[in-house]
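All chains are named by letter (A, B, ...) in the order of the sequence lines, taking the proteins before the strands, and each is independently numbered beginning at 1.
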Amino acid sequence: MRCWLIKSEADVYSIDDLARDGRTMWDGVRNYQARNWMRDEMKPGDPVLFYHSNGDPPGVAGVARVASAPYDDPTQFDPASLYHDPKSTPAAPRWQLVDFAFVERFPAEVPLPLLKADPSLDGMELLRKGSRLSVQPVTEAHFQRVLALARG
DNA sequence: GCCAACGTTGGC
DNA sequence: GCCAACGTTGGC
């Protein structure tokens, strides 16, 4: 089992939206590295930190878990979708995704400055300068540390 | 709103 | 295959 982190802008799709929906299809990822993690490495049941990017401050808002095997992102075939990819066909799809299910919402977000200030999180991909990957692996130690921070 | 970091595209 | 131009992400 591996641990993960996914990013979403809270005003686009937040942990509260996931709590309401129960589970969701993580569509629209159009970065090959992020796709590869979902397609090749994620397993149902893997725990996932849910990060709100672009907040003031940004921070980790809760926990989800991988809730499906990978499958083709249907939005790539839909000309009406923002995520339509004209170079992608059902016979040769480019983009795969997984579903995520709600696990918990933290009482308060763990803010990015707190993560940055924590020496035990050194090396976390999220904290790397210039890191933009929206789906990324997290070590179990880092995952547990974020949970500990969330529980104060 | 600014800008650094990064990924992708396309000309050559 | 190189690399400049461009678009996007995301913190500040």
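A salt bridge links Asp17(A) and Arg20(A); the closest N-O separation between the charged side-chain nitrogens and carboxylate oxygens is under 4.0 Å. A salt bridge is absent between Arg65(A) and Asp46(A): the closest approach of a Lys/Arg side-chain nitrogen to an acidic carboxylate oxygen does not fall below 4.0 angstrom. Looking at Glu104(A) and Arg151(A), a side-chain N of the basic residue comes within less than 4.0 Å of a carboxylate O on the acidic one, giving a salt bridge.
Close approach of DNA chain C to chain A, defined as any atom under 4.0 Å from a non-hydrogen atom of the protein, starts and stops at dG7(C) to dC12(C).
With no hydrogens or angles considered, no side-chain donor-acceptor pair links Glu9(A) and Ser53(A) at under 3.5 Å. For Asp78(A) and Tyr83(A), the side-chain atoms include no donor-acceptor pair closer than 3.5 Å.
Looking at Arg35(A), its side chain does come within 3.5 Å of a backbone N or O of Arg94(A) through a donor-acceptor pair.
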For the pair Tyr32(A) and Trp95(A), evaluate ring pair (Phe, Tyr, Trp, His ring centres under 6.0 Å) and give the outcome as yes or no after the intermediate values. CA-CA 8 Å; Tyr32(A) 289 107; Trp95(A) 305 109; 4.6 Å; yes

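For DNA chain C, the residues of residues 46-57 of chain A within the heavy-atom distance limit of 4.0 Å (strictly under) are Tyr51(A), Ser53(A), Asn54(A), sorted by number.
Remark: Ser8(A) pairs with Tyr13(A), Trp26(A), Phe50(A) by the side chain to side chain contact (heavy atoms under 4.5 Å, CB included) rule, at least two apart or across chains.
Contact annotation for Arg128(A): backbone-only contact, meaning every heavy-atom pair under 4.0 Å involves sugar-phosphate atoms and none involves a base.
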